Amino acid sequence: MRPLAGSLMDIRFQPAKMIDEAVRAAARGVEGFGEDFDPQVRPADPRFGDFQANGVLPHAKRARANPRALGSALVEALEARAALPGDVVTFELAGPGFINFRLSPAYMDAWLARFGSETSFREAAGALRGGERVVVDFSSPNTAKEMHVGHIRSTVIGEAVSRILEFCGAEVTRDNHLGDWGTQFGMIIWAIKRERFDLDAPGADPVAELERLYKLGNAAYKESAENADAIRAELVKLQRGDEENLRIWQRISEVSLAAFQRVYDLLGVRFDEVLGESYYRDKVEAVWRELEAEGIAEASEGALVVFHPEHPRFKKQPFIIRKADGASNYATTDLATVADRVKRLAPDEILYIVDARQSDHFEQLYLTVEKWFRKTGRKLPRLRHLSFGTVLGEDGRPIKTKEGGSVKLKDLLREATVRARGVVDEKAPDLPEDERAAIAEYVGIGAVQYADLAQNRSSDYVFSWERVLSLEGNTAPYLLYAVARIHSIFRKAGEDPAGAFTDASPLETERELALARKLIGLPSALEQTLADYRPHSLCGYLYELAGEFSGFYNAEKVIVDDAAVRARRLRLCARTLAVLETGLHLLGLRTLSRM
RNA sequence: GGGGGUGUAGCUCAGCAGGAUAGAGCAGCGGUCUUCUAAACCGCAGGUCGUGGGUUCGAGUCCCGCCGCCCCUGCCA
């Protein structure tokens, strides 16, 4: 005999799944439902319950049946099966044919007892994406240049998506696909040699020096044909493997990476692989050879291109994989990259966290890879371009400095910290200096990360310091404050959030139940976030949870004399803390115990 | 010209494969600190969901037309 789908002895991390399975099983025995019936179990408006099944309505429509009649037959079958006993969840037919489900307070207590820490959440969530291998391609700055605001969304979203995937059981490879083999190197190398610039003593701000040298070379290139020839010659020497130029190039990469790493450390970003375009330089020949041999690529206007005759647009718009001058471009390296990743890592999915302007490029890349891999018998992973919009200034134009240049990421993060410091000094002047500095960094940088993540990634967003660092609304400071307040409660109570709270009496008040309901919504929030890789879903959930907590905190005294009430409220606090901290960590933020 | 994105409250945004009375925050107005952090909470007010059709029991969500803004459209990435 199969164990019951739900019982207080066997608490599932995802109550929605428990309900879904029970409804499907019940439907199999009811006239009018087929195997294809999808109950469409969703989190519900609290007015109606914890979950609702909407599937009866569209099913009745297809079957030209009365939805109420179908619905009540299904509800009866559900009652008869006892897979969802009344001490676990109650349900009823409502409205035109919805089925509303309400988890019992006893079930909520049991859930809170069973799942209580980042570790237990991680274990349970591991089923969501267990066994999948995913490559996440993100950040990808160009060496010899500063990281600027243009890199922030890719970096922050990529890290958050990676963390969430890992948390849900996937085996993730984070790859920083650096732009480290471009034409800029001819200019820089030329300028470095001319200045006899010492790359081993590059000064306080090495990347700024590199940018200066690049500009010098760039100006010289335009200045005279003689310079231009010399600069091109340096690039050719590098690409042919000239030892000195390769050594300079290598040093430039090291200096750049060290600077990137400082930004990554602030943002909590790490990579498993840093394979820039240079890594693929001996792999592009094979791409050209294979695509030509398979008849996928053709010569056109001197270049090697791929057309897709079956596609309305790409039958005319070429995917250029070799320039007329014989050089590779990013299409070439992206093709080589997919082949290399498939060979080494055999991923099920590759995610490209790249801005929306490059969607044509990725569409063409996928079409090409599909044909190429099919013909050559390679395993085709799912390829997904997770596009995102532009960061705009308050004038609605892409964000720039007053001078019109691009805003450097390290300057942005520094300004965030400085601004946050001002608030900390005002709000918490009694804390020691070093702690105020730490709070300012966590809050300031977290605020910038969060502002980016809380926004639906597909739209542009307007960056405003006032809103980012606001202490109200869906912001990092608000969430971090909620976390700090909960820590404070435990300090005051002299208890440990990791405690067992065995004395806890059953949840009772409306506020308690509402908060518990929201806590149990974590799995649904993770699922929804993963469904389309949109971290703002998780942000929205955390914000609602923090709001629910604030309401609870304001209405119900936690530290009370009655030991049982105190224990159950402390347990709610501990669980809220665990979910908030888990969620914020998944987004890449660092949390605080005081602020 | 073709394609993609976007248009929801004064502002910034949510609204999950169509589902129950469209939600937040800011700004505005009014309340709440002798009690666990007031960086908080509670309340009031604010909407022809760009626009015109269509599909159906039901449309902010799907389809078609139109309008505004952003972006892409052969050798940058």
Side-chain angles (χ1 to χ4, degrees), chain A residues 38 40 42-45 47-48 52 54 57-58 60-61 67 94-98 100 140 142 179 182-183 277 300-305 312-314 316-325 327 329-331 333-334 354-361 363 387 389-390 392 394 396-398 423-424 426-428 443 454-456 458-462 464 466-467 469-475 477-478 480-482 484-493 524-525 527-529 531-532 534 536-537 539-540 543-544 546-547 550-560 569-570 573 594-595:
Chain A
D38 176 5
Q40 298 187 16
R42 317 256 170 85
D45 186 310
R47 283 190 307 242
F48 305 121
Q52 59 182 38
N54 295 342
L57 287 157
K61 185 188 228 166
F98 306 110
N100 292 332
S140 311
N142 296 323
T183 47
E277 287 164 344
S300 170
E301 298 178 25
L304 187 65
V305 311
R313 199 152 25 102
F314 302 137
K316 290 276 188 192
Q317 185 179 322
F319 190 48
I320 297 169
I321 65 170
R322 188 176 61 211
K323 301 195 284 182
D325 65 4
N329 62 3
Y330 76 133
T333 44
D334 275 352
V354 181
D355 81 88
R357 289 173 303 192
Q358 294 185 40
S359 43
D360 274 4
H361 167 75
E363 224 181 306
S387 65
T390 309
L392 307 175
E394 292 188 71
R397 304 294 309 166
V423 181
V424 175
E426 180 194 329
K427 304 280 185 185
V443 171
Q455 196 90 198
N456 186 340
S458 55
S459 29
D460 294 350
Y461 83 94
V462 178
S464 132
E466 196 192 333
R467 225 171 317 109
L469 281 175
S470 164
L471 315 155
E472 289 147 28
N474 190 5
T475 64
Y478 177 81
L480 292 171
Y481 180 64
R485 277 208 298 191
I486 300 173
H487 276 291
S488 170
I489 294 168
F490 282 96
R491 277 194 299 271
K492 192 73 93 182
S524 295
E527 242 178 334
Q528 200 184 317
T529 300
D532 203 22
R534 292 186 186 271
H536 84 286
S537 298
C539 295
Y543 175 56
E544 285 170 15
S550 289
F552 159 80
Y553 174 86
N554 205 258
E556 320 261 30
K557 184 91 179 146
V558 174
I559 303 172
V560 292
R569 290 187 180 160
L570 277 172
C573 291
R594 271 205 296 200
M595 64 184 272

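Just so it is clear, the model here is predicted, and its values are computed rather than measured. Residue numbering restarts at 1 for every chain, and letters A, B, ... go by the order of the sequence lines.
- Using C1' as the reference atom, B/G58 and B/U21 are 14 Å apart when rounded to the nearest Å.
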Problem set entry | Derivation and outcome, side chain to side chain contact (heavy atoms under 4.5 Å, CB included), residues A/Leu480 and A/Tyr478 | CA-CA 6 Å; A/Leu480 292 171; A/Tyr478 177 81; over 6 Å; no

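- Going from atom CZ of A/Arg485 over to atom C1' of B/C36 covers 10 Å, rounded to whole Å.
- Among the protein residues, A/Ala327 comes within range of no part of the nucleic acid, since none of its heavy atoms lies under 4.0 Å from any strand.
- Nucleic acid contact class of A/Ser459 (heavy atoms, under 4.0 Å, all strands): sugar-phosphate only.
- Atom CG of A/Asn456 is separated from atom C1' of B/G7 by 14 Å (rounded to the nearest Å).
- Here A/Pro318 pairs with A/Val305, A/Phe307, A/Ile320 under the side chain to side chain contact (heavy atoms under 4.5 Å, CB included) rule; sequence neighbours left out.
- Contact check, A/His536 against B/G15: a side-chain N or O comes under 4.0 Å of OP1 or OP2.
- For the residue pair A/Arg357/A/Ser387, the side-chain donor-acceptor check at 3.5 Å is not satisfied.
- Rounded to the nearest Å, the gap between the C1' atom of B/A20 and that of B/C57 is 13 Å.
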Exercise. A/Cys539 and A/Gln455: side chain to side chain contact (heavy atoms under 4.5 Å, CB included), yes or no, with the steps?
Worked result: CA-CA 9 Å; A/Cys539 295; A/Gln455 196 90 198; over 6 Å; no

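- Here B/A14 presents its P atom at 10 Å from CZ of A/Arg534, a figure rounded to the nearest Å.
- Mapped onto RNA chain B by nearest heavy atom, A/Pro58 and A/Ser537 fall at different nucleotides, with A/Ser537 at the one closer to the 5' end.
- The ring pair (Phe, Tyr, Trp, His ring centres under 6.0 Å) check on A/Tyr330 picks up A/His361, with sequence neighbours excluded.
- Counting only distance, with no hydrogens or angles, the side chain of A/Thr529 and the backbone of A/Ala525 share a donor-acceptor pair below 3.5 Å.
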Seminar exercise, completed: Going 5' to 3' through nucleotides 72-77 of chain B and flagging B where a protein heavy-atom sits under 4.0 Å of the base, S where only the sugar-phosphate is that close, and - otherwise, we get SSBBSB

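- Summarising the geometry, the separation between CG on A/Asp38 and C1' on B/G19 is reported as 14 Å, rounded to the nearest angstrom.
- For B/G18 and B/C63, the C1' atoms lie 13 Å apart once the distance is rounded to whole Å.
- In this structure, A/Lys557 reaches the bases: a heavy-atom distance under 4.0 Å links it to at least one base atom across the strands shown.
- Here A/Pro312 lies out of heavy-atom contact (under 4.0 Å) with every strand.
- Within 4.0 Å (heavy atoms only), A/Ile559 reaches at least one base atom of the nucleic acid.
- Distance CD (A/Glu426) to C1' (B/A38): 13 Å, rounded to an integer number of Å.
- Positionally, the nearest nucleotide of RNA chain B for A/Gly540 lies more toward the 5' end than for the other of A/Phe490 and A/Gly540.
- Partners of A/Asp45 according to the side chain to side chain contact (heavy atoms under 4.5 Å, CB included) rule, which considers only residues two or more places apart in sequence or in another chain, are A/Arg47, A/Phe48.
- For B/G15 and B/A77, the C1' atoms lie 35 Å apart once the distance is rounded to whole Å.
- Applying the side chain to side chain contact (heavy atoms under 4.5 Å, CB included) rule to A/Ala44 yields the partners A/Gln52; only residues at least two apart in sequence or on another chain are considered.
- Atom pair A/Phe314:CZ and B/G2:P shows a separation of 16 Å (rounding to whole Å applied).
- A/Arg42 comes within 4.0 angstrom of a base, heavy atoms only.
- Applying the side chain to side chain contact (heavy atoms under 4.5 Å, CB included) test to A/Ala327 and every residue at least two apart in sequence or in another chain returns A/Lys323, A/Asp325.
- Listed candidates were B/A40, B/C13, B/U37. Nearest to the side chain of A/Val462 is B/C13.
- To the nearest whole angstrom, the two C1' atoms, one in B/G74 and one in B/U48, are 47 Å apart.
- Note that CG of A/Asp360 is 10.5 Å distant from CZ of A/Phe319, once rounded to the nearest 0.5 Å.
- A donor-acceptor contact shorter than 3.5 Å links the side chain of A/Asp460 to the backbone of A/Thr390.
- Between B/G28 and B/G10, the distance separating the two C1' atoms is 10 Å to the nearest Å.
- Spacing of P atoms, B/C75 relative to B/U12, comes out at 36 Å, to the nearest Å.
- The gap from the P atom of B/A14 to that of B/U55 amounts to 31 Å, rounded to the nearest Å.
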Polar atom pairs (N or O), protein with nucleotides 43-45 of chain B, under 3.5 Å:
none

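- Partners of A/Glu556 under the side-chain hydrogen bond (donor to acceptor under 3.5 Å, both in side chains) rule, at least two apart in sequence or in another chain, are A/Thr509, A/Arg569.
- Under the side-chain hydrogen bond (donor to acceptor under 3.5 Å, both in side chains) criterion, A/Arg42 pairs with A/Gln40, sequence neighbours left out.
- Taking atom NZ of residue A/Lys61 and atom P of nucleotide B/U55, one finds them 12 Å apart after rounding to whole Å.
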Exercise. When every nucleotide of nucleotides 20-32 of chain B is labelled 5' to 3' by its protein contacts under 4.0 Å (heavy atoms), B for base, S for sugar-phosphate only, - for none, what sequence of letters results?
Worked result: B---SSS------

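- Taking atom OH on A/Tyr553 and atom P on B/U35, their separation rounds to 11 Å, with Å as the unit.
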Seminar exercise, completed: RNA chain B in dot-bracket form (Watson-Crick or G-U pairs under 3.5 Å, [ ] crossing, | inter-strand) is (((((((..((((.....[...)))).(((((.......))))).....(((((..]....))))))))))))....

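- When side chains are defined from C-beta on, A/Thr475 does not count as touching A/Tyr543, because their heavy atoms never get closer than 4.5 Å.
- Look at A/Tyr461 and you won't find any side-chain N or O under 4.0 angstrom from OP1 or OP2 of B/G5.
- Classified by its glycosidic torsion, B/C63 falls in the anti category, the angle being over 90° from 0.
- Contact record, A/Ala484 with A/Arg491: O-NH2, 4.3 Å, taken as the closest heavy-atom pair.
- Under the side-chain hydrogen bond (donor to acceptor under 3.5 Å, both in side chains) criterion, A/Asn329 pairs with A/Thr332, sequence neighbours left out.
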